[in-house]
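Every heavy atom of this structure was used, including side-chain atoms; hydrogens, water molecules and symmetry mates were not. We number each residue from 1, following the sequence as shown.
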Amino acid sequence: MRWCLFKCVTPPPPSVCVSGSFMAADSPLYLGLDFSTQQLKVVAIDGDLRVLHENSVHFDSELPDFRTQGGVHIHADRLTVTSPVLMWVKALDLLLDKMKGAGLDLSHVRAVSGSGQQHGSVFWRRGASETLKQLDPDQNLHQLLQRFTGNQIAKVHQNRAEEFQDTERISLVSSFAASLFLGCYAAIDHSDGSGMNLLDIRTRNWSQICLEATAPHMDRLLGAPLPSTSVLGPVSSYLVQRCGFSESCSVVAFTGDNPASLAGMKLQQGDVAVSLGTSDTVFLWIQQPRPALEGHIFCNPVDQQAYMALLCFKNGSLTRERIRNECSGGSWEIFSAALRDTPLGNDGHIGFYFDTMEITPPAVGVHRFDSADTEVSSLCPQVEVRALVEGQFLSRRLHAERLGYSIISGTRVMATGGASSNQEILQVLSDVFNAPVFTIDLSNSACLGSAYRALHGLVVESGVSFSDVLKKAPEPQLVATPHPAAKEVYDRMLKRYARLEERILQKT
């Protein structure tokens, strides 16, 4: 069997997983896996949603024969970035061995689901489906499979016609990983499929216009997409015989890492998650999306009637640290005091701080405005601190609303990332969004979300909602509530911010 993969990635910082034990003799288990850029991770939970086991395989250090850096190969043009697919297969072999070695009884696993890095494609050679069905349980997966690398679907069709003609199936990373558990081709789920620019997110079927513009026979090569909550079938006889899985263990559709993280964050209708890191990321649960050129819209991975949106902002913590150094002498305490000592709305001062070319919106430079919307060259240190933080959160709210987000009764803002430990920053976040802010622990969120989805997949047909499944999950911690005057102040300020942003874009 051969396949090829194309994946453009910016490798995330490494994370660490640890092993732990364990469980009652008859406790059912649910596995969540994450085929991420740098490592393969797994989390096992029980029916009460307690994490009983965590493990991982780090690609660079534990599979050095693939000679990856950050889990990828960067090609000579410095633009093409690929991941060796056989590395993932070997990592799965190693991970399963680690789990068994740690004493995890895989016969107790009732369902497994997972996630994969998004926007990667895997090409299966003609005849691969028969190979999957006839795997020898006396050998490792990576000993049974071979691979080749290539490019995106359209590029393969245009530039490598012979290999494209020999392609039997095209998978995403997520559905490829699910195929290894099924022993046959796994369907692409609606949520990860949304990121291909081939799926009509409203009908949840492939768009024929997009398919025809990509390559011939795409319906056959992609297969029919399925809901993200679908049970695809039982694990393969190979895994039953080799690893001790139960024949009744179900494989729930795998999805992308971002949709899986939404599940791991335990978001609900109307919620927004804000990750405050080197880049700030906003996850949204929305009912009526308004697709735009900015951001990403996906079918919701846990509710077939809903959607999720994702926005990424490049100027996050590094910009906050620069203003802290320049205006607060490098002290977060002084920075926080400046937020406490300045009024909501900052007496009309607004700031845009794009130290590097921003993603949303595509602008660069620092732009400060006074209460009359006149651009000024500087602000006093305390005002500058609040202008930065308010400006960042006004931007997050503005672009979230443009994608279909709206604050409703019960809306919660879930904050995570390094800056979520700063109470004053979280207070501004709460005020700008006019919603309570909660903090959540997002370690291994894609893994944990996949484990939750595995459990949910077994009961969804009986009408059990994802929120019902999560009733026993740890509750997020309330850390800030909006000031009574916040709605009036920031609704008005948001309109000004939108006008000023447009002025900046016209000048850029």
Side-chain angles (χ1 to χ4, degrees), residues 11-25 27-66 68 70-71 83 85-117 140-142 173-174 176-178 180-181 235-236 238-240 242-246 249-252 254-255 257 260-261 263-264 441-455 473-474:
S15 58
V16 178
C17 294
V18 296
S19 296
S21 297
F22 255 102
M23 49 185 270
S27 176
L29 295 176
Y30 306 89
L31 295 187
L33 295 102
D34 179 31
F35 287 73
S36 67
T37 306
Q38 298 192 17
Q39 58 189 320
L40 170 59
K41 297 173 284 187
V42 66
V43 164
I45 64 172
D46 65 10
D48 292 324
L49 309 185
R50 295 175 299 184
V51 174
L52 300 181
H53 182 77
E54 299 178 65
N55 225 316
S56 68
V57 174
H58 190 268
F59 300 144
D60 290 1
S61 60
E62 297 185 70
L63 298 171
D65 45 318
F66 291 97
T68 56
S83 298
V85 181
L86 188 61
M87 177 180 70
W88 298 337
V89 182
K90 194 169 185 177
L92 180 56
D93 282 329
L94 182 54
L95 185 66
L96 291 169
D97 287 342
K98 282 188 174 187
M99 295 165 68
K100 290 189 294 181
L104 189 69
D105 188 346
L106 296 177
S107 69
H108 289 238
V109 178
R110 297 292 178 265
V112 57
S113 189
S115 65
Q117 49 184 280
N140 288 320
L141 278 172
H142 74 273
V173 177
S174 57
F176 163 78
L180 297 180
F181 280 86
V235 294
S236 68
Y238 171 85
L239 289 177
V240 172
R242 181 170 181 83
C243 301
F245 279 92
S246 166
C249 176
S250 297
V251 179
V252 176
F254 285 35
T255 192
D257 50 6
S261 289
D441 178 8
L442 274 193
S443 60
N444 296 329
S445 61
C447 266
L448 191 58
S450 296
Y452 291 159
R453 292 181 55 255
L455 196 162

[X] versus [Y], closest heavy-atom pair with distance:
{"X": "Arg453", "Y": "Ser113", "result": "NH1-OG, 2.9 Å"}
{"X": "Val43", "Y": "Cys447", "result": "CG2-CB, 3.6 Å"}
{"X": "Arg242", "Y": "Lys100", "result": "O-NZ, 3.5 Å"}
{"X": "Glu62", "Y": "Pro64", "result": "C-CD, 3.3 Å"}
{"X": "Leu104", "Y": "Leu29", "result": "CD1-CD1, 3.5 Å"}
{"X": "Pro474", "Y": "Tyr452", "result": "CD-OH, 4.5 Å"}

Judged by atom type as modelled, is there a donor-acceptor pair below 3.5 Å linking the side chain of [X] to the main-chain atoms of [Y]?
{"X": "Asn55", "Y": "Val42", "result": "no"}
{"X": "Gln117", "Y": "Ser36", "result": "yes"}
{"X": "Asp48", "Y": "Arg50", "result": "no"}

Pairwise distance [atom1]([X]) to [atom2]([Y]) - rounded to 0.5 angstrom:
{"X": "Leu95", "Y": "Lys90", "atom1": "CG", "atom2": "NZ", "result": "14.5 Å"}
{"X": "Ile45", "Y": "Leu448", "atom1": "CD1", "atom2": "CG", "result": "6.5 Å"}
{"X": "Leu33", "Y": "Leu96", "atom1": "CG", "atom2": "CG", "result": "8.0 Å"}
{"X": "Asp257", "Y": "Ser174", "atom1": "CG", "atom2": "OG", "result": "9.0 Å"}
{"X": "Ser236", "Y": "Leu180", "atom1": "OG", "atom2": "CG", "result": "9.0 Å"}
{"X": "Gln38", "Y": "Ser83", "atom1": "CD", "atom2": "OG", "result": "10.5 Å"}

With a 4.5 Å heavy-atom cut-off, do [X] and [Y] have their side chains touching?
{"X": "Leu92", "Y": "Leu94", "answer": "no"}
{"X": "Thr68", "Y": "Leu63", "answer": "no"}
{"X": "Asp34", "Y": "Asn444", "answer": "no"}
{"X": "Met99", "Y": "Leu31", "answer": "yes"}
{"X": "Leu106", "Y": "Leu239", "answer": "no"}

query = Phe245 vs Phe181 aromatic rings, parallel, tilted or perpendicular, using cut-offs 30° and 60°?
reply = perpendicular
ask   = Taking the inter-plane angle between the rings of Trp88 and Phe35 on a 0 to 90° scale, is it parallel (under 30°), tilted (30 to 60°) or perpendicular (over 60°)?
value = perpendicular
